[in-house]
Participant: 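Have a look at this one.
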Amino acid sequence: MVDNSVGSVLQASQSSLNETTANIDLKRVCILTWGCQMNEYDSGRMLDVLALNGYARTGTPQGADMVILNTCHIRNKASEKVFSELGRLRLMKEASGGRMILAVAGCVAQAEGKDILARAPFVDIVLGPQTYHRLPEMVARRARSGDAVIETEFLVEDKFEFLPEQSSPRGVAAFLTVQEGCDKFCSFCVVPYTRGAEQSRPAAAILVEARRLIALGAREITLLGQNVSAWHGDAPNGGSWDLSRLLRALAALPGQVRLRYTTSHPRDMDLALIEAHRDLPMLMPFLHLPVQSGSDRILAAMNRRHTMDDYRRLVDRLREARQDLALSSDFIVGHPEETDEDFEATICLLHSVRFAQAYCFKYSPRPGTPAARLRFQVSEAEKGRRLQMLQGIVREQQARFNSDSVGSTMNVLFTGPGRHSGQILGRSLYFQPVHVTGPASLIGEEKVVLIRNAHPNSLSGTIIQKGFRA
Ligand code: SAM
Ligand code: SF4
């Protein structure tokens, strides 16, 4: 059960609370976010909760009243960074006379719980991803009791029902979490343990949130989920929808926002979803579809439950449905038992599919996962060699994909200021960053841009006319 006082605070209307907070001194909260887009989305929702409790966002921990580390546990390096950051923050907390509240949220909090306090006893609050709506109550409890607060259980209540509506603009390109958790249990992955079982939000709640994001200025919405292609939620009028049906409903909303979704699992990409790519112009022709390995032996050891051929056939069907579809993927090198031959098969897959972009990772053993217990671990040196090789091929493919656009025109949605003065930054349909010279007043609009140059990770060009929705 949720503490009633929290429930009532969260249900209070935004406008009346804005009036209240206008007359009092705002406290400052800084959230440092690691990891995936889902963490970025969660950080935004924590700020919404805290805004109702008199906290305003600050970009720096220096002088903040509260600092929250929203953490990632996916690889060892990511979680170790949290502890080195905590070491730095400890000094700031001491300088504040102990007043600065330090909270650790996200997957490291979920996985390590009270062990965080053993390593960093100056931390005040440890909270798992399912408990963010209770944050104000945890702050109050910490102040009352003087003891550190740990909340990492998977609650019966659904946090989304208790989180307040978004109160601040989420930018031109906004995230919307539709699904959390994962039941797939890939051998190497901590997500099923840190984020819990797969859960889909109801369609009606998602549509309300999408309308709100559009009203706040979003022109592109990316649906998020650890396994977003497995989304199947309650339909607004009974029954249930799958992701393709949800995408169709979102595409019909006024505002004509661009749509994306991430991250998909190849096994869940069914015909209906492929047809949505064929039928919905608002669904961007860029899909992140992790494959992890090109070797059937390693895919089986990873418990991915698809073969390399399944993946290739799926890509063919997607490209038939939407001819200009560009793909990105995730690869892991050095999963236990991966031989040179297995690695060669991954390189073959990369050459035959050709990706616009890909993320390559060295396998990182995660405590409690089945792969960490396998006997034949690949040496760090060999993982490093394979990673470099794979990254070299990915760089070549990405450079070719980018240079192929030179001389063409593209619809670009401008999302923010560019690196240099007088520049603005946008996104192509294929997720490429595009720099142009232009006024900030164009941010939020879509224009047609003539691409003049390709750089390793971006494009640059000239606006030639209004985009079809500008
Ligand atoms: N759900 C997605 C899927 O099925 O592919 C991926 C989610 S995971 C947060 C993002 C990526 O991190 C994975 O695709 C995988 O490549 C990588 N990853 C996960 N666990 C890893 C590990 N133990 N070592 C290295 N990379 C890992
Ligand atoms: Fe992790 Fe994705 Fe596998 Fe789920 S499907 S266990 S999130 S890699």
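Start at 1 and go down the list; that is how both ligands and their atoms are numbered.
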Participant: Is Ser364 in polar range of ligand 1, meaning some N or O pair under 3.5 Å apart?
Facilitator: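 Yes, since at least one N or O of Ser364 sits under 3.5 Å from an N or O of ligand 1.
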Participant: Measure up the His265 and His306 rings against each other and bin them: parallel (under 30°), tilted (30 to 60°), perpendicular (over 60°).
Facilitator: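 Plane angle over 60°, so perpendicular.
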Participant: Lys184 side chain to Arg304 main-chain N or O, any donor-acceptor pair under 3.5 Å?
Facilitator: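 Not a single qualifying donor-acceptor pair exists.
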Participant: Check whether Ser329 reaches the backbone of Ala358 with its side chain - one donor and one acceptor, N or O, closer than 3.5 Å.
Facilitator: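 Not confirmed, Ser329 side chain does not pair with Ala358 backbone.
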Participant: Treating Asn76 as the side-chain partner and Pro365 as the backbone partner, does any N or O pair qualify as donor plus acceptor under 3.5 Å?
Facilitator: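 Not at all, since once roles are kept as given, no pair shorter than 3.5 Å links the two residues.
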Participant: Judged by atom type as modelled, is there a donor-acceptor pair below 3.5 Å linking the side chain of Asp270 to the main-chain atoms of Leu273?
Facilitator: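 Yes: the side chain of Asp270 pairs with the backbone of Leu273.
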Participant: Tell me whether Arg201 contacts the main-chain N or O of Thr177 through its side chain, where contact means a donor paired with an acceptor under 3.5 Å.
Facilitator: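 Such a contact is found between Arg201 side chain and Thr177 backbone.
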Participant: Of Gln292, Met38, Arg267, which has the heavy atom at the shortest distance from atom 16 (O) of ligand 1?
Facilitator: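 Minimum heavy-atom distance to atom 16 (O) of ligand 1 goes to Gln292.
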Participant: Quick one: does Arg354's side chain have a donor or acceptor within less than 3.5 Å of a partner on Phe401's backbone?
Facilitator: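 No; zero donor-acceptor contacts below 3.5 Å.
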Participant: Mark yes or no for whether Thr152, through its side chain, and Gly128, through its backbone, hold a donor-acceptor pair below 3.5 Å.
Facilitator: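 No.
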Participant: For atom 2 (C) of ligand 1, grab the closest protein heavy atom and report residue, atom and distance to one decimal in Å.
Facilitator: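 So the nearest neighbour among protein heavy atoms is Thr263 CG2, 3.4 Å.
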Participant: Any idea which atoms of ligand 2 are less than 4.0 Å away from a heavy-atom of Arg304?
Facilitator: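 Those qualifying, in numeric order: 3 (Fe), 8 (S).
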Participant: Measure from atom 7 (C) of ligand 1 to the protein's non-hydrogen atoms and state whether any distance is below 4.0 Å.
Facilitator: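 No; the ligand atom in question lacks any protein heavy-atom contact below 4.0 Å.
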Participant: Tell me the closest heavy-atom pair linking Leu259 and Ala251, and the distance in Å.
Facilitator: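 So the minimum-distance heavy-atom pair works out to CD1-N, 3.7 Å.
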Participant: Show all protein N/O/S atoms under 2.8 Å from atom 1 (Fe) of ligand 2, or state that there are none.
Facilitator: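 For atom 1 (Fe) of ligand 2, the protein N, O and S atoms that sit under 2.8 Å away are Cys189 SG.
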Participant: Keeping Ser364 on the side-chain end and Arg75 on the backbone end, is there a donor-acceptor pair under 3.5 Å?
Facilitator: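 Pair absent, no side-chain N/O of Ser364 close to backbone of Arg75.
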Participant: Taking atom CG of Asn237 as the centre, report whether more than 12 heavy atoms of other residues, nucleotides or ligands fall under 6.0 Å from it.
Facilitator: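 It does not: Asn237 CG has 12 such atoms or fewer within range.
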Participant: Nearest protein heavy-atom contact for atom 25 (C) of ligand 1: which residue, which atom, what distance?
Facilitator: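 Checked against all protein heavy atoms, atom 25 (C) of ligand 1 sits closest to Lys362 O, 3.4 Å.
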Participant: Considering the heavy atoms of Arg75, write down every atom of ligand 1 situated less than 4.0 Å from one of them.
Facilitator: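 Heavy-atom distances to Arg75 below 4.0 Å select 12 (O), 17 (C), 18 (N), 24 (N), 25 (C), 26 (N), 27 (C).
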Participant: Which of the atoms in ligand 1, numbered in the order shown and given with their element, are less than 4.0 Å from a heavy-atom of Asp330?
Facilitator: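 Atoms satisfying the 4.0 Å criterion: 10 (C), 11 (C), 13 (C), 14 (O), 16 (O).
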Participant: May I ask you to list the atoms of ligand 1 that are less than 4.0 angstrom from any heavy atom of His265?
Facilitator: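 Atoms satisfying the 4.0 Å criterion: 4 (O).
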Participant: Taking only heavy atoms of His265, which atoms of ligand 2 are found under 4.0 Å from at least one of them?
Facilitator: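 By the 4.0 Å cutoff, the relevant atoms are 5 (S).
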Participant: Show which atoms of ligand 1 fall inside a sub-4.0 Å distance from at least one heavy-atom site of Tyr363.
Facilitator: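 Atoms satisfying the 4.0 Å criterion: 24 (N), 25 (C).
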Participant: Ignoring hydrogens, just give me the one of His335, Arg304, Gln226 whose non-hydrogen atom is nearest atom 4 (O) of ligand 1.
Facilitator: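 Considering heavy atoms of His335, Arg304, Gln226, the nearest to atom 4 (O) of ligand 1 sits in Arg304.
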Participant: Does Arg195 come within less than 4.0 Å of ligand 2, judged by its heavy atoms?
Facilitator: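 No, Arg195 has no heavy atom closer than 4.0 Å to ligand 2.
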Participant: Could you check atom 20 (N) of ligand 1 against the protein and tell me its nearest heavy-atom contact, residue, atom and distance included?
Facilitator: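 It is Phe188 CD1, 3.3 Å.
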Participant: At a non-hydrogen distance cut-off of under 4.0 Å, which region of Ile74 contacts ligand 1 (side chain, backbone, both, or neither)?
Facilitator: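 Both of them.
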Participant: State whether the side chain of Ser295 and the backbone N or O of Arg297 hold a donor-acceptor pair below 3.5 Å, judged by distance alone.
Facilitator: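 Yes, Ser295 side chain to Arg297 backbone: donor-acceptor pair under 3.5 Å.
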Participant: Is it the case that the side chain of Thr131 and the backbone of Leu127 share a donor-acceptor pair, with hydrogens and angles ignored and the cut-off at 3.5 Å?
Facilitator: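 Judged by distance alone, no pair lies under 3.5 Å.
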